[in-house]
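These numbers come from the heavy atoms of this one structure, side chains and all, not from hydrogens, waters or symmetry mates. Fair warning: this is a prediction, and the values are worked out from it, not measured in the lab.
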Amino acid sequence: MSDSQVQGAHLVGSINFDEAAQTMRVAAEELGGLLRRIPDGEVGERFHWILFQADRIGAAEGIERVGDTPIPMRMLDIRPVRLAPGVQAADIVLPPLGYAEAALESWRSFSELKAAGVIPGATRFQVSLPTPLGVVASLVAAGDREAFEPVYERALAAELAEIVAAIPAEELAIQWDAALEFAILEGLTAHTGQPYEWFGDVWEETSERLARQIDRVPLAVEVGVHLCYGDVAEKHFVEPRDAANLTRFANAVVAKAERDLTWLHLPVPIERDDAEFFAPLADLSLPETSELYLGLVHREDGADGATRRIAAASAVLTRDFGVATECGFGRAPEGTTVPLFETHRAVAAAW
């Protein structure tokens with residue numbers, strides 16, 4: 001056993017409450033000194049991560065939806081998008097993507113709760129954003145992805161710039177969510193049978209793209225990364241054999257980024273409390289100044305399961321780490337949020 005300490009907790013993003021203010025209030029009341037930052041729960045149209053972007057992108061002139069029949073999911077139509085015939089991607093002007101609008105609305109609630117003493121003064125407001133690669137690979141027709149990627153990347157960079165301009169740097173934390181990257185790295189294909197990627201060296205290209213997003217965040221603003229194997233119906237799109245690909249990708253991103261990460265979050269499958277899964281983390285090249293969070297809290301087995309996974313991780317890691325769920329839990333069953341918060345409290349020490 002190493003001398004690593006389990007300190008602090010991290011909320012990945014989505015939380016299964018309906019209102020941002022409720023999410024942030026309950027998180028602060030339940031987890032208090034465990035948290036260095038609090039997200040708004042990704043409420044409203046963001047309830048299923050990036051799927052709302054299909055409607056946002058689809059509203060642009062020169063963009064059309066794939067298929068004649070809407071695919072409804074609550075208030076969304078999740079059909080993919082493509083360029084209309086004869087339209088060049090460079091001529092597309094995208095409407096607001098919704099991330100800045102949501103962040104600024106939630107920031108007002110965050111500020112009110114902090115002023116009221118509900119949220120501790122040192123806690124930052126966390127805004128979770130997808131990587132451009134994730135949105136383009138998921139929601140854009142395969143033949144248009146390469147041309148459309150820079151269009152979407154510029155639009156998302158503009159949303160980030162709006163957020164950074166409106167929220168004081170010392171109050172803000174940005175998290176980049178990387179999930180499609182692992183579908184690509186694991187060699188998965190879309191439901192059409194086509195690859196998600198439109199480039200050659202998947203390790204080089206995916207890590208370079210994420211590093212570019214990290215470096216967009218000003219130095220005075222905290223920046224973190226959530227690495228993800230998916231969470232549709234609380235299932236991964238593929239079960240990682242061990243933490244080797246997570247470690248390799250994280251190391252590549254850290255090496256390419258010009259600024260250090262404030263934090264890194266890695267998922268841990270519920271079935272894995274064995275030494276073999278965690279062994280590759282011995283090679284993780286994360287600066288000591290960066291926080292590490294392991295997503296080893298699961299609602300199905302609570303503190304007992306988290307404790308087993310902590311023990312296995314602690315046998316490998318020589319540095320402190322905090323705890324989290326492996327992904328957001330906005331789509332978890334109703335009534336599971338507070339018990340999940342209680343599990344975090346049971347297995348980690350406050351900062």
Asks: Side-chain donor-acceptor pair under 3.5 Å between Trp263 and Glu222, yes or no?
Replies: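 Per modelled atom types, Trp263 and Glu222 side chains form no pair under 3.5 Å.
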
Asks: Should the pair Arg209-Glu149 be classified as a salt bridge under the 4.0 Å nitrogen-to-oxygen rule?
Replies: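 Result for this pair is yes, salt bridge flagged.
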
Asks: Same cluster or not: Ile78 versus Val135, using hydrophobic residues (I, L, V, M, F, W, Y) connected whenever any side-chain heavy atoms lie under 4.5 Å apart?
Replies: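 Yes, because Ile78 and Val135 connect within a single hydrophobic cluster, where side-chain heavy atoms sit under 4.5 Å apart.
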
Asks: Ion pair present between Asp301 and Arg309, side-chain N to carboxylate O less than 4.0 angstrom?
Replies: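 Salt bridge: yes.
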
Asks: Taking Glu159 for its side chain and Ala100 for its backbone only, find out whether a donor-acceptor pair lies under 3.5 Å.
Replies: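 Yes, Glu159 side chain to Ala100 backbone: donor-acceptor pair under 3.5 Å.
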
Asks: So, Thr123 side chain and Ile119 main chain: donor-acceptor pair closer than 3.5 Å or not?
Replies: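 Absent.
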
Asks: I want to know whether Tyr293 and His10 have ring centres closer than 6.0 Å.
Replies: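 Centroid distance Tyr293-His10: below 6.0 Å, so yes.
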
Asks: Are any side-chain N or O atoms of Arg36 and backbone N or O atoms of Ala122, one a donor and one an acceptor, separated by less than 3.5 Å?
Replies: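 Checking the backbone N and O of Ala122 against the side chain of Arg36, no donor-acceptor pair under 3.5 Å is found.
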
Asks: Assess whether a salt bridge exists between Arg56 and Glu101, defined as any Lys/Arg side-chain N lying under 4.0 Å from an Asp/Glu carboxylate O.
Replies: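 So Arg56 pairs with Glu101 through a salt bridge.
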
Asks: Between Asp55 and Gln53, is any side-chain donor less than 3.5 angstrom from a side-chain acceptor?
Replies: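 Judged by distance alone, the side chains do not pair up.
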
Asks: Is the distance from the ring center of Phe47 to that of Phe52 below 6.0 Å?
Replies: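 No - the distance between ring centres of Phe47 and Phe52 does not fall below the 6.0 Å cut-off.
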
Asks: Whether Asp40 and Arg46 form a salt bridge (side-chain N of Lys/Arg under 4.0 Å from carboxylate O of Asp/Glu) is what I want to check.
Replies: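 Counted as a salt bridge, because a side-chain N and a carboxylate O are separated by less than 4.0 Å.
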
Asks: Please name all residues satisfying salt bridge (charged side-chain N to carboxylate O under 4.0 Å, His left out) with Glu271, sequence neighbours left out, ordered by chain then number.
Replies: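 Expected list: none.
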
Asks: Do Trp176 and His226 pair up side chain to side chain, a donor and an acceptor below 3.5 Å, judged on atom types alone?
Replies: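 Side chains of Trp176 and His226: no pair found under 3.5 Å.
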
Asks: Would you sort out whether Phe182 and Phe237 count as a ring pair (Phe, Tyr, Trp, His ring centres under 6.0 Å), showing the intermediate values?
Replies: CA-CA 9 Å; Phe182 283 91; Phe237 45 69; 8.0 Å; no

Asks: In this structure, would Val202 and Val136 fall into the same cluster of hydrophobic residues linked by side-chain contacts under 4.5 Å?
Replies: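 Yes: a chain of side-chain contacts under 4.5 Å links Val202 to Val136.
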
Asks: Looking at side-chain heavy atoms only, is the closest gap between Glu171 and Arg124 below 4.5 Å?
Replies: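 Of all side-chain heavy-atom pairs linking Arg124 with Glu171, none is under 4.5 Å.
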
Asks: Determine whether the side chains of Tyr99 and Glu162 contain a donor N or O and an acceptor N or O closer than 3.5 Å.
Replies: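 Not at all, the side chains of Tyr99 and Glu162 share no donor-acceptor pair under 3.5 Å.
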
